[in-house]
Undergrad: 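After the structure tokens below, expect a handful of questions from me.
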2 protein chains.
Amino acid sequence: MPENPNPTAARRSVGITQVAKHAGVSPGTVSNVLNRPERVATETRERVEAAIRELDYVRNSSGSNLRSGRSDCVGLLVLDVTNPYFTEVARGVEDEAVESGLAVLLLNSAEDHGRQERNLRLLAGQRAAGAVVMPIDDDLSDLRWLSKQGIPWVALDRGDVPVEEGCSVSVDNEAGGLAAGRHLIGLGHERIAFLTGPFSIDQVHRRHQGLLQAVIEAGLDPDTALDLVHVPQLNPEQGEKAVDTVLAGGPRQRSTAVFCANDQLALGFLKGLGRRGLRAPDDISVMGYDDIDVAALVHPGLTTVAQPKYKLGRTAMSLLREHFDDPGHRHERRLFTPEIVLRGSTAAHRA
Amino acid sequence: MPENPNPTAARRSVGITQVAKHAGVSPGTVSNVLNRPERVATETRERVEAAIRELDYVRNSSGSNLRSGRSDCVGLLVLDVTNPYFTEVARGVEDEAVESGLAVLLLNSAEDHGRQERNLRLLAGQRAAGAVVMPIDDDLSDLRWLSKQGIPWVALDRGDVPVEEGCSVSVDNEAGGLAAGRHLIGLGHERIAFLTGPFSIDQVHRRHQGLLQAVIEAGLDPDTALDLVHVPQLNPEQGEKAVDTVLAGGPRQRSTAVFCANDQLALGFLKGLGRRGLRAPDDISVMGYDDIDVAALVHPGLTTVAQPKYKLGRTAMSLLREHFDDPGHRHERRLFTPEIVLRGSTAAHRA
DNA sequence: GATTGACATTGACACGTTTCAATCACGGTG
DNA sequence: CACCGTGATTGAAACGTGTCAATGTCAATC
């Protein structure tokens, strides 16, 4: 196997030593210029900086990480890059990270267990400074492994992480469900359909709990006031398909409002309505959850429960930063309260 | 400053030497197990693998990259993580990358020049194996710099990259504009508004060229048949605001169809219509470009020009792979042809 | 003029890995 | 029995950087 010498590209890139030679100074000094500029005399520092510029030197982070044991990279493990909800969170994480000079590696687990594990191994291999991760389910073993590797993490959108295991930042899904319920009931709706995925998804389960509470506190009978419609996945297609089921009616009579566990479901539902020549809120009030960008884009606009996505990402990253600054740091759980965004898809029930 | 020894976490993680000791073998052998398993006797290999498992060893990529000069990371520099168009491309890149055992670092330039440059420097610092990048504008100097650092790249969605500078994968925007024009004219529309951002955006400019060509080949007079409506940005808000301008009419008479340079614009336009009690296609036919997920979600569905986004990402990555396999590789330009997706927002013009 | 201290700079080593020539063990062949 | 070849293993030398004790310089103080 003739290992070709590859004459053009294979010249190993310029390093600290070449810069040192070019500036007539020792490698150690160059390193100092890079890391503790205040320790080196202004005159020599400028000489070194000039050399760096002339040779187009860029620090080899492998060497740097290896020696220092540190890395200025943090990982952001996201459930699905395609989902607008997560990308908004990502923006928050990034903005906070660049402010402290950290680079963000955005990794995509694509809702896949193997891929999540592989990505965490990658981070461990890089000896990343830390990780913000949206776990794929409530199995914490991967995260425990990460801790054992000495990599601090913050869980995102997982209120069920025990605070002794690690930090978490999440939104109060129960409060969201409660607020949504109150809104609809306040509009006079007394039969509400809850269009949802499987309750094995913790977030969705809690939203239902909140809704239930709203019904009870209003003095309504859950059995007649609530119509539970389950679909296998939280995507638009399922939302569209579910229209008939919802319109067919609940235990006594058909619902006058539908609360979807998810904006994606709600959007699909709206589309299904349109297909049948119906529309919200005239024929039925529709409410979503998440407030993804598109929710404001459809007509009528989708009334929904807004998650502070950007802020979520930002706080997660800042929690991670606290870890760096103070290694003896106690874990923390931050819980945000969602807010309702009123748009056109819900209206008062005409009696 | 008392550098605290941090007794629990700071034990430097287990390395190849510890594994070697634990398996009663030399470090070199462990390395061989990791990199060329066929060279080591099955019996010892199993012993080493057991040690790896027991000590929970994970290879330190800093050390590895440093010594070998190689890295198994490729960068994916994206214009905007928030934009669904890019995330779909990202999926394609990722899928192709994992198949060849490469890890993808997803970096976000957030449409910002400084950030693009910083991210490229980061990649260079990591000595990444290569990069797939969507350049923020037609300024190639950043990419040239990357080449000089010995990092191969493939430009995405930039048909105007000279093939001697580097590889590129893009979609034929002129063909897209042409197809859209033919579709609308075929439906009997003889006054068409083109709702667009500034022509300094190359992609948009070309779509207009295509549209123009369609008008000319149909024997129409561009001056009367085309109504150019410029907005500063390609987002939904601008699309919504532009409704009045478009409806006010072109040179002679108001247009019966509007072709938006972008789905985002088109969606905003649709919403603006709804607000005014109008709807597509009854009052005006609306057409978009990109075929983002939401286009299928609104009612009526948005007729649009579909870009093969996933395929785009995948080919970009495969082109990069060719670079690795054959360093003497000549640059290549791949051009895809977009396809029209017919939905409900366009219809024949009632004379 | 000797001593001290502050400040700049240097040299050498260590980080964890890969690589490669060198060594070793061993069975087969002349 | 000497020789060779093959296959498995080892040891040592890098890769580029950060760190730190040691050295050097110079001015101020006694």
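Labels below follow one simple rule: chain letters A, B, ... track the order of the sequence lines, proteins then strands, and each chain is numbered from 1. All values reported here derive from a predicted model rather than from experimental measurement.
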Undergrad: What contact category does A/Thr44 fall into here, base, sugar-phosphate, or nothing, at under 4.0 angstrom with non-hydrogen atoms?
TA: sugar-phosphate
Undergrad: Quick check for you: among D/dG18, C/dT10, C/dT9, whose closest atom lies nearest to any side-chain atom of A/Val40?
TA: C/dT9
Undergrad: State whether A/Ser68 places a side-chain N or O below 4.0 Å from either non-bridging phosphate oxygen (OP1 or OP2) of D/dG18.
TA: no
Undergrad: Measuring to OP1 and OP2 of D/dG16, would you say a side-chain N or O of A/Ser62 lies under 4.0 angstrom away?
TA: no
Undergrad: When you measure from the side chain of A/Asn60, which nucleotide among D/dT17, C/dT17, D/dT19 comes out closest?
TA: D/dT17
Undergrad: For a 4.5 angstrom cut-off between non-hydrogen side-chain atoms, does B/His22 reach B/Glu54?
TA: yes
Undergrad: Using the side-chain heavy atoms of B/Val25, tell me which of these nucleotides is nearest: D/dT17, D/dT10, D/dG16.
TA: D/dT10
Undergrad: State which of D/dA8, D/dT19, D/dG18 makes the closest approach to the side chain of A/Asn32.
TA: D/dT19
Undergrad: Suppose we call a contact any N or O donor and acceptor under 3.5 Å apart; does that hold for the side chain of A/Arg67 and the base of D/dT17?
TA: no
Undergrad: Would you say B/Ser31 reaches C/dT17's phosphate, i.e. side-chain N/O to OP1/OP2 under 4.0 Å?
TA: no
Undergrad: May I have the distance from A/Arg39 (atom CZ) to C/dA6 (atom P), rounded to whole angstrom?
TA: 15 Å
Undergrad: Can a side chain N or O of A/Ser64 be found less than 4.0 Å away from OP1 or OP2 on D/dT17?
TA: no
Undergrad: To the nearest Å, give me how far apart CG (A/Leu66) and C1' (D/dA14) are.
TA: 12 Å
Undergrad: Find the distance B/Lys21:NZ to D/dT10:P and express it as a whole number of Å.
TA: 14 Å
Undergrad: Answer yes or no: is there a side-chain heavy-atom contact under 4.5 Å between B/Val78 and B/Leu106?
TA: yes
Undergrad: If I compare all heavy atoms of B/Val14 with all of B/Asp56, which pair ends up nearest, and what's the gap?
TA: CG1-O, 4.3 Å
Undergrad: Checking contacts here: which listed nucleotide (C/dT18, D/dT17, C/dT9) is nearest the side-chain heavy atoms of A/Tyr57?
TA: D/dT17
Undergrad: Check for a donor-acceptor pair, side chain of A/Asp80 on one end and backbone N or O of A/Phe86 on the other, with a separation under 3.5 Å.
TA: no
Undergrad: Rounded to the Å, how far apart are B/Glu38 CD and D/dA8 P?
TA: 10 Å
Undergrad: Mind calculating the distance between CD (A/Gln18) and P (D/dC15) to the nearest angstrom?
TA: 10 Å
Undergrad: Identify whether any heavy atom of A/Thr29 sits under 4.0 Å from a base atom; if not, whether one sits that close to sugar-phosphate; answer base, sugar-phosphate or nothing.
TA: base
Undergrad: Please state whether the rings of A/His323 and A/His331 are parallel, tilted or perpendicular, taking 30° and 60° as the class boundaries.
TA: tilted
Undergrad: How long is the line joining CZ of A/Arg47 and P of C/dT9, in whole Å?
TA: 8 Å
Undergrad: Could you tell me how far apart B/Arg127 (CZ) and D/dC15 (C1') are, to the nearest whole angstrom?
TA: 11 Å
Undergrad: With a 4.5 Å limit on heavy-atom distance, are the side chains of B/Arg59 and A/Arg121 in contact?
TA: no
Undergrad: May I ask you to say what A/Asn35 touches in the nucleic acid, namely base, sugar-phosphate or nothing, with a heavy-atom cut-off under 4.0 Å?
TA: sugar-phosphate
Undergrad: Whole Å only: how far is the CD1 atom of A/Ile16 from the P atom of D/dG16?
TA: 11 Å
Undergrad: Ignoring backbone atoms, test whether A/Arg70 places a side-chain nitrogen or oxygen under 4.0 Å from the OP1 or OP2 oxygen of D/dT19.
TA: yes
Undergrad: So A/Val30, base contact, sugar-phosphate only, or nothing? Heavy-atom distance under 4.0 Å.
TA: nothing
